[in-house]
Amino acid sequence: MGFKLPPLSSLRVFEAAARRGSFKNAAEELNITASAVSHAVQNLEDWLGVELFRRGGGKLELTEPGAAYASAIGKAIKAIADATVRLPGRRSRGRLTLSSAPGFAARWLMPRLSRFADRHPEISVDIQTSLEPVDLPMEGIDAAIRLAPAARAMPYWTHLLEESLVPVCSPVLRKKYAKLSGLELVAKADLIHMTSTSADWAEWFRLVGVEQPATVRAGLRVDTIHMALDAASRGLGVALGRAPLFDLEIETGQLLRVFDDAVPSGLSYWLVTMDADFQSEDVKVFRQWLLDELGGSGHDGKKQPARPKAARSTT
């Protein structure tokens, strides 16, 4: 006779919620939404016919049966993980499904991906772009790359690199305003705004400790970093460059830094995975390749914001 088991995906979610003490924290760990956690736990309670959590007053507490069940389920999941890690002869599946922030995928990952293919021809890579949280095991995703503050990162996330901000413009626009300092240029020229992020011009002025000039001109508004940099390279205004996503334009001379110094945005790119027990060999190989591409590790994130120093004109 076979085992009568509750939905296994719901058990994984329940275990995380019980261990982390809240649906929100479990959602962050599993990279799904809090409502998805709540729904999975409710499905499990319906299947069991037992209330596992007490909800109310903004608090979430395990019931007595829930606490006993959480302890047993946690031990069972750990046993499965240990058995998987110790499985003799476990091999790579030969396919890695990665969910990545669109800008990072297009502007940092894709130009380098051929080197991964050369190094690991046995592994095919599927890339899906999204900014939304994903449930790695339930949606068939092996790993994800996301932009997030350090406070949100789980212990087993891998820090890749820090996002930093610096205004950029075309050589033609810089030549037009050659006599102006960097701040004067930002105050005089049209500013290209990116509507899909909160870290836009107002945030940059705050980070560098400069009051936003009343003369700042509102220019073109776009919703992707690609469009913002493309518009800047065409001389339509000054864009807020987000390192490392504008490296190619700087290298080819399509864009110039208005200031020498970039300031940290407070966000970093992270490789989001399940805890180490659940990482496949393909994920481990990809993680190591990313770190090698970054010189062994990401930036340490300790650079403090400083008043920007205007870049020297190359015109």
Atom OG in Ser196, atom CE in Met227: separation rounded to 0.5 Å? 10.5 Å
Is the Phe205 ring parallel, tilted or perpendicular to the Trp201 ring (thresholds 30°, 60°)? tilted
Report whether Leu240 and Leu236 are members of the same hydrophobic cluster (ILVMFWY, side-chain heavy atoms less than 4.5 Å apart, transitive linking). no
Does the side chain of Glu132 come under 3.5 Å of the side chain of Ser130 through a donor N or O and an acceptor N or O? no
Find out whether Phe104 and Glu163 are in side-chain contact, i.e. whether some heavy atom of one side chain is under 4.5 Å from a heavy atom of the other. no
Is Leu113 close to Ile127 at the side-chain level, that is, under 4.5 Å between some pair of heavy atoms? yes
Across all chains, not counting sequence neighbours, the side chain to side chain donor-acceptor pair (under 3.5 Å) partners of Ser100 are none
When you check the side-chain N and O atoms of Gln42 and Asp46, is any donor under 3.5 Å from an acceptor? yes
Looking only at heavy atoms, which two atoms of Ser22 and Leu60 are closest? And how far apart? CA-CD2, 3.8 Å
With Ser170 via side chain to side chain donor-acceptor pair (under 3.5 Å) - residues at least two apart: none
Quick check for you: to the nearest 0.5 Å, what is the distance between Leu160 atom CG and Leu271 atom CG? 5.5 Å
Smallest heavy-atom separation, Glu293 atom then Trp108 atom, equals CB-CH2, 4.0 Å
Heavy atoms only: give me the nearest Leu207-Pro264 pair and the separation to one decimal. CD1-O, 3.5 Å
Neighbour count above 12 (heavy atom, 6.0 Å) for Arg55 CZ: yes
Answer yes or no: is there a donor N or O on one side and an acceptor on the other, between the side chain of Trp47 and the main chain of Pro7, under 3.5 Å? no
For atom NE2 of His120, decide whether the heavy atoms of other residues, nucleotides or ligands shown that lie under 6.0 angstrom number more than 12. yes
So, taking the atom named OG1 in Thr197 and the one named CG in Asp223, what distance separates them when rounded to the nearest 0.5 Å? 12.0 Å
Without placing hydrogens or testing angles, list every side-chain donor-acceptor pair under 3.5 Å for residues 244-251, not counting sequence neighbours.
| residue | atom | partner | partner atom | Å |
| --- | --- | --- | --- | --- |
| Glu249 | OE1 | Arg107 | NH2 | 2.7 |
| Glu249 | OE2 | Arg107 | NH2 | 2.2 |

Once you measure the plane-to-plane angle for Trp270 and His159, does it fall in the parallel (<30°), tilted (30-60°) or perpendicular (>60°) bin? perpendicular
Consider only side-chain heavy atoms of I, L, V, M, F, W and Y, link residues closer than 4.5 Å, and tell whether Val186 and Val166 are in one cluster. yes
What side-chain donor-acceptor pairs closer than 3.5 Å can you find for residues 61-73, not counting sequence neighbours?
| residue | atom | partner | partner atom | Å |
| --- | --- | --- | --- | --- |
| Thr63 | OG1 | Glu51 | O | 2.8 |
| Thr63 | OG1 | Leu52 | O | 3.3 |
| Thr63 | OG1 | Gly66 | N | 3.0 |

Using a 4.5 Å cut-off on heavy atoms from C-beta on, say whether the side chain of Phe116 contacts that of Ile123. yes
Working to the nearest 0.5 angstrom, can you tell me the gap between Leu290 CG and Arg287 CZ? 9.5 Å
Could you check if a side-chain atom of Leu183 sits within less than 4.5 angstrom of a side-chain atom of Phe259, using non-hydrogen atoms only? yes
Do side-chain atoms of Asp200 reach the backbone of Met194 as a donor and acceptor pair under 3.5 angstrom? yes
Look at the side-chain heavy atoms of Ile, Leu, Val, Met, Phe, Trp and Tyr, link any pair under 4.5 Å apart, and say whether Leu191 and Leu220 land in one connected group. no
Side-chain heavy-atom pair Asn25, Glu29 within 4.5 angstrom cut-off: no
My understanding is that only residues two or more places apart in sequence, or in another chain, count here; which of them pass side-chain contact (heavy atoms from CB on, under 4.5 Å) with Ser38? Phe23
Minimum-distance pair of heavy atoms, taken over all atoms of Ala101 and Arg146: N-NH1, 3.7 Å
Would one find more than 12 heavy atoms of other residues, nucleotides or ligands at under 6.0 Å from atom CZ of Arg234? no
Which atom of Thr273 lies closest to which atom of Ala143, heavy atoms considered: CG2-CB, 4.0 Å
Looking only at heavy atoms, what is the nearest atom pair of Leu256 and Pro171, with distance? CD1-CA, 3.7 Å
Arg95 CZ to Ser124 OG distance, which is reported to the nearest 0.5 Å: 4.5 Å
Joint hydrophobic cluster, Leu109 plus Leu131, side-chain heavy atoms closer than 4.5 Å: no
Once salt bridge (Lys or Arg N to Asp or Glu O under 4.0 Å) is applied, what residue pairs with a partner in residues 150-160 remain, sequence neighbours excluded? none
With distance as the sole test, does Thr195 use its side chain to make a donor-acceptor pair with the main-chain N or O of Val222 at under 3.5 Å? yes
Backbone of Leu98 reached by a side-chain donor or acceptor of Asp142 within 3.5 Å: no
Are Tyr269 and Ile225 in one and the same hydrophobic cluster, where Ile, Leu, Val, Met, Phe, Trp and Tyr link if side-chain heavy atoms are under 4.5 Å apart? yes
Is the side chain of Arg206 donor-acceptor paired with the backbone N or O of Gly209 at a distance under 3.5 Å, no angle test? no
With rounding to the nearest 0.5 Å, note down the distance linking CZ in Phe14 to CD1 in Ile77. 9.5 Å
Using a 3.5 Å distance criterion without hydrogens, assess whether the side chain of Gln254 forms a donor-acceptor pair with backbone atoms of Leu229. no
